[in-house]
Amino acid sequence: MIPQLLRHKRALLLAPLAPLAAGLVAVTTTSASAATGCQATYSVTSQWNVGFGASVSITNLGSPVSSWKVAWTFPGNQQVTQLWNGTVSQSGQSVTVTNASYNGSVGTNASVSFGFNGSYSGTNSAPSAISFNGVTCTGTVTPGSPSPTPTHSTSPSPSPSATPSGGGNGTPCHASTCVQYNGGSNGVITQSPKVYLVFYGSQWGSSGGATQTQNEGFFKGLGTGGERWSNVLTQYCNAVPAGTQTCPPGAVHIPYPSSSVFGGTWIDTSQPAPAAPGDDLITEARAAAGHFGASGALSRSIFIIFSPAGTSAGGGYSWHTTTSDGYNVINAAYGEQNTIVTSHEYAETMTDVNAGWTTADKTSEVADLCGPDGNLNLTTGSFPVTSIWSNQDSGCAIAD
């Protein structure tokens, strides 16, 4: 049995494609007591022959609301199979999404977003219109009384800033589900991390192909150009009392990377990977530490093991673990090797080394509560990623 803290089963995506932004923008309707209006964006974040991932972002241009309902009609036979940050119902082509317990309040000019996986056959066209609380989103606003009062957005903007702050802002989590520290003395990674990509097995040949290209680009870009995805992680800290949700002054936080987190790539063709890699994934990580000369810096090193086609590594699902002798290992099982998955497991490795940050029942970590959330623009390109649960935002965030 593989030594691991948590194994994460995925219903996630294969072969990401370029996002398909259908700027479905929105609204106007007269209200006697409140201004109405909204802007909506529907983006396909990844797509394969029978399925796809998508995200929907709504900006409320009208008066603040305490709950919301988003609706659209698919033009084809698309079916929503999994959705996060909301509750979905579908009847034929008509889809309705209502708020989760933690993201119902949306102020004026604030945004809310959710993502989903779906199935389809034939053509996967975007909806022609999206409504927010019964108003079709057109990007305009109809004034009402009283006038709307602008409030801070509940959904952080993904636009990068040049100067990441780090350390979180101390804002308490107000959601019904927050993450908390679980009392470990070594619960998070507290040094600037390095990520090593290991393509395990002679089946890879001389290259990891598109998987290598995408993951190298993503991890080379993390920690550069002031990107803000990494900043979401810095609110979480180490060695605080069990049950802590907001880090106290003086706590040691996850640092913003001091430089690119990419440490190197190794195509290990010394032997074929077995059909069902298991404990040998850990052995391969140890070999990689020797190959990269990282054995003396295990506390900051993360080894991502990519198994080749025709294998079912670690049960066929991607997961992360930290061994008793300190190796941080991510199993990137074949079919779950794009940056949606590797960003997910990286974020959870950073925040939950050993009794780190999870939900109170210890069933979910910071990426399990969220999902694919469009593309992250880095200095090295644009990459599909998973958003990260942010206690200080009381929701999922792609940037802070």
Side-chain angles (χ1 to χ4, degrees), residues 18-45 52-76 78 80 83-86 88 90 93-100 103-116 118 123-161 228 371-377 382 384 387 393 395-399:
L20 246 168
L24 312 167
V25 249
V27 216
T28 84
T29 282
T30 303
S31 168
S33 59
T36 59
C38 54
Q39 180 171 352
T41 302
Y42 177 102
S43 300
V44 174
T45 55
F52 67 102
S55 65
V56 177
S57 178
I58 304 291
T59 300
N60 176 26
L61 303 178
S63 298
V65 300
S66 58
S67 64
W68 50 264
K69 179 174 72 174
V70 173
W72 70 86
T73 300
F74 279 126
Q78 298 98 324
V80 177
L83 184 138
W84 44 93
N85 293 342
V88 65
Q90 181 169 356
Q93 296 171 294
S94 299
V95 178
T96 300
V97 179
T98 55
N99 59 273
N103 62 356
S105 296
V106 187
T108 303
N109 295 326
S111 298
V112 66
S113 62
F114 54 86
F116 65 91
T123 302
N124 183 27
S125 299
S128 60
I130 293 179
S131 68
F132 178 68
N133 284 354
V135 175
T136 301
C137 292
T138 62
T140 59
V141 60
T142 297
S145 178
S147 300
T149 301
T151 62
H152 177 70
S153 170
T154 59
S155 177
S157 167
S159 302
S161 166
R228 305 292 294 190
D373 197 3
N375 278 31
L376 179 67
N377 294 321
S382 183
S387 56
D393 296 298
C396 297
I398 196 173

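Note that this is a predicted model, so its numbers are computed, not measured.
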* To do: Would you please name every residue forming a side-chain contact (heavy atoms from CB on, under 4.5 Å) with Thr73, sequence neighbours left out?
  => Gln93, Ser94
* Determine whether Phe132 and Val65 make a side-chain contact, defined as any pair of heavy atoms from C-beta on separated by less than 4.5 Å. => yes
* **CA sep, side-chain torsions, deciding dist, call: Val70, Ile58, side chain to side chain contact (heavy atoms under 4.5 Å, CB included)** => CA-CA 9 Å; Val70 173; Ile58 304 291; 3.9 Å; yes
* To do: For Ser55, check side chain to side chain donor-acceptor pair (under 3.5 Å) against everything at least two apart and list the hits.
  => none
* **Point-to-point distance, once rounded to the nearest 0.5 Å, from CD of Gln90 to OG1 of Thr96** => 9.5 Å
* So, for Ile398 and Asn375, which heavy atoms are closest and what is the spacing to 0.1 Å? -> CD1-O, 4.2 Å
* **Test side-chain contact (heavy atoms from CB on, under 4.5 Å) applied to Ser125 - qualifying residues, sequence neighbours left out** => Pro75, Thr123
* Structure fact -> What one should report as the nearest heavy-atom pair of Thr41 and Ser43 is CG2-OG, 3.7 Å
* Structure fact -> Closest non-hydrogen contact found for Ser111 with Thr59 is OG-OG1, 2.9 Å
* Asked: Is there side-chain contact between Val112 and Trp68, with at least one heavy-atom pair below 4.5 Å?
  -> yes
* Could you pull out the closest heavy-atom pair between Gly134 and Ser131, with the gap in Å? => C-CB, 4.3 Å
* Got a second to check how far Gln39's CD is from Asn60's CG, nearest 0.5 Å? -> 11.5 Å
* Determine the minimum heavy-atom distance between Val141 and Gly62, stating which atoms define it. => CG2-CA, 4.2 Å
* Asked: According to the interplanar angle, ranging from 0 to 90°, do the rings of Tyr42 and Trp72 count as parallel (below 30°), tilted (30 to 60°) or perpendicular (above 60°)?
  -> perpendicular
* Asked: Got a donor-acceptor contact below 3.5 angstrom from the Asn103 side chain to the Ser113 backbone?
  -> no
* **Rounded distance (nearest 0.5 Å) linking atom CZ of Phe114 with atom CG of Asn85** => 9.5 Å
* Asked: Could you give the distance from CG (Leu61) to OG1 (Thr108), rounded to the nearest 0.5 Å?
  -> 9.0 Å
* Any donor-acceptor N/O pair, Ser63 side chain to Ala35 backbone, under 3.5 Å -> yes
